[in-house]
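We're numbering straight along the sequence, starting at 1. Only this structure's heavy atoms are used, side chains among them; waters, hydrogens and symmetry mates stay out. Ligands are counted one by one from 1 in listed order, and the atoms in each one are counted from 1 as well.
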Amino acid sequence: MPLRDKRHFVFDMDGTLTIATHDFDAMRDALGLPPDSSILEGIAARPAAEQPRLHRRLHELELDYARRAQPQPGAAGLLQRLRRRDASLAILTRNDKALAGLTLEVCGLREFFPDELILGREEHAPKPAPDGILHLMQHWQAAPASTVMVGDYVYDLKAGRAAGVTTVHFDEQGLARWPELSDITVQELSELAELLGD
Ligand SMILES: [Mg+2]
């Protein structure tokens, strides 16, 4: 059981614990950002005077997604199982912390995460930077060998690799896009629960 010895789990939120609903093309369009740009970096590249308005608009768009969020099938079961074995749980998201809290609340998953362990984009350099994971490991006094990063996107896997932890790709569509960055790949969260081995 490859995850039997793991005690510390860092989860991406959107598209991992929740069903992916963000239409990033529509968001870029609404913000007037070029296609293919990353949204946060795209805003940061605009003139400073424009950025507050773009961040406000982004917040409105994200609030709308948060209010309509739905949990990923198997998410609550996986988190309950991890809690039963006393695993530490955290969220590391490129979303905003308050919106992450709201999203988790709407999905019925808020109870699993202490407020200080929901890390949004304000607290640390966003993924793919490993900063958030490094901060959590320090907080838990955890070694990379007992820590896992779970996510559905290349930024999650890159952040996990850079932090030296085990990476789990939640690859719902089974496209295996980043095999070199993924130690374990699952198509359903329930598969991950089985890999815990208890
Ligand atoms: Mg995601």
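Under the side-chain contact (heavy atoms from CB on, under 4.5 Å) test applied with Phe170, the options Thr185, Asp152, Leu192 reduce to a single match, Asp152.
Residues meeting the salt bridge (charged side-chain N to carboxylate O under 4.0 Å, His left out) test with Asp12, sequence neighbours left out: Lys127.
For a distance threshold of 2.8 Å, the protein N, O or S atoms nearer than that to the Mg ion (ligand 1), listed by chain and number, are Asp12 OD2, Asp14 O, Asp152 OD1.
For the residue pair Asp183 / Thr166, no side-chain donor-acceptor distance below 3.5 Å is found, with atom types taken as modelled. Counting only N and O atoms by type, the side chains of Arg94 and Ser38 include a donor and acceptor under 3.5 Å apart.
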Legend entry - Full working for side-chain contact (heavy atoms from CB on, under 4.5 Å) between Val165 and Val148: CA-CA 6 Å; Val165 306; Val148 181; over 6 Å; no

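At most 12 heavy atoms of other shown residues, nucleotides or ligands fall within 6.0 angstrom of atom CD in Gln173.
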